[in-house]
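By convention in this document, chain letters (A, B, ...) are assigned in the order of the sequence lines, proteins followed by strands, and residues within each chain are numbered from 1.
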2 protein chains.
Amino acid sequence: MESQNYCIAGRLRMLARVVTGLYNDAFTAEGVTFAQASLLMYIFPQPGVRQATLSKQLQIEKSAVSRDIQLMQRNGWITDNVRNGLFLTDEGTALAKRCHKIWKGLNQRVREELGTDAVDGLSLLSDKLLTKLPKE
Amino acid sequence: MESQNYCIAGRLRMLARVVTGLYNDAFTAEGVTFAQASLLMYIFPQPGVRQATLSKQLQIEKSAVSRDIQLMQRNGWITDNVRNGLFLTDEGTALAKRCHKIWKGLNQRVREELGTDAVDGLSLLSDKLLTKLPKE
DNA sequence: TCAATGAAGTTGTATATGCAACTATTATTC
DNA sequence: GAATAATAGTTGCATATACAACTTCATTGA
């Protein structure tokens, strides 16, 4: 092999940019970004979830979560009193469901196009990266 | 398998956040972010490279490249007359070399900790994602 | 030559993130 | 129960990105 010394971080960041664009396109019809749709879909099945929990689950810095939540609240998708756990409004709930439908189809399609091996490759990488390299 | 339906985009984005943090830490001593170090290391071997080329190589939107470059220019790492190709200043060149040294060690270490299989998994995923799913 | 095209860059606007420092809330210990 | 420690959330500040619209140049035809 030749280019077998590419940058792990650089490659992952590039792929993240590419798939983000791909997924974002699928959600523009709903007027949400993928990041927002993702949060909606994380909150939906765990009503009352704490920002700190989402921060760990998604590995997003707590201040970033705080701001994402504030934005979603301004959009009317999350109720007030954020410090006592997160709850979707009716509108937020409906949106989360529509996003999930979109996501399910898209993610399935992407998995098929990538193929089992590539997806398994991601799973393996993911496992190693999240368990072997956590901040000590 | 159970959790075999995770979100491809979500996972990639999470991994990108994690490795970004890891690589950023390694560059803080030099006062650069990984994103900046990466650009320096891309420009170094291709003096006079165009923003449009970097945009394609890194899959970063051209306006984002433009702003990254402006910032690096303000930092004194890139010469003026950006519209005629990018050139590192002496300071930028020296910094690029130091960054490359840091990167080489870190990336090697990360590769070893991840293991060949995980890295191959990333390579495969990368190949599929960049060839099979490009914006039509 | 000069108008039409197209590529490259820039700028307005917005989101997504991170780090540090600060505040607020809760839990622990004397 | 009050002081202290720990956890959660927020805010100031900065970078990284994206999309759309605009500007600059360079190319190409008639």
Do the side-chain N or O atoms of [X] get closer than 4.0 angstrom to the phosphate oxygens (OP1, OP2) of [N]?
| X | N | result |
| --- | --- | --- |
| B/Ser63 | C/dG9 | no |
| A/Arg13 | D/dT17 | yes |
| B/Thr20 | C/dT17 | no |
| B/Gln51 | C/dT10 | yes |
| B/Gln70 | C/dT11 | yes |

Identify whether any heavy atom of B/Ile69 sits under 4.0 Å from a base atom; if not, whether one sits that close to sugar-phosphate; answer base, sugar-phosphate or nothing.
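No contact.
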Under 3.5 Å, is there a donor on one side chain and an acceptor on the other for B/Ser55 and B/Gln51?
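Side chains of B/Ser55 and B/Gln51: no pair found under 3.5 Å.
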Using a distance-only test with no angle check, is there a side-chain donor-acceptor pair under 3.5 angstrom linking A/Thr89 and A/Glu91?
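No - no donor-acceptor pair under 3.5 Å links their side chains.
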Given DNA chain D, 5'-ward residue of the pair A/Arg17 and A/Arg50, judged by closest heavy atom
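Result of the comparison: A/Arg50.
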Given DNA chain D, 5'-ward residue of the pair B/Ala35 and B/Arg83, judged by closest heavy atom
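Between the two, 5'-proximity favours B/Ala35.
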Between [options], which one does the side chain of [X] approach most closely?
| X | options | result |
| --- | --- | --- |
| B/Ile60 | D/dT17, D/dT11, C/dA16 | D/dT17 |
| B/Glu61 | D/dA18, D/dT17, D/dA8 | D/dA18 |
| B/Arg67 | C/dT11, C/dT17, D/dT15 | C/dT11 |

Can you measure [X] atom [atom1] to [N] atom [atom2] for me and round it to whole angstrom units?
| X | N | atom1 | atom2 | answer |
| --- | --- | --- | --- | --- |
| B/Leu39 | D/dA16 | CG | C1' | 10 Å |
| B/Lys62 | D/dA16 | NZ | C1' | 18 Å |
| A/Asn24 | C/dT15 | CG | P | 12 Å |
| B/Gln36 | C/dG18 | CD | C1' | 13 Å |
| B/Leu71 | D/dC13 | CG | C1' | 14 Å |

Under the criterion side chain to side chain donor-acceptor pair (under 3.5 Å), I'd like the reasoning laid out for A/Tyr6 against B/Ser126: C-alpha separation, chi angles, the key distance, then a yes or no.
CA-CA 11 Å; A/Tyr6 64 85; B/Ser126 178; over 6 Å; no
Given the ring of A/Phe34, does B/Arg13 sit roughly above its face, with NZ or CZ under 6.0 Å from the centre of the six-membered ring and within 45° of the axis?
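The answer is no, since B/Arg13 fails at least one limit relative to A/Phe34.
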Contact summary for B/Cys99 and B/Phe27, nearest pair of heavy atoms
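So the minimum-distance heavy-atom pair works out to O-CE2, 3.5 Å.
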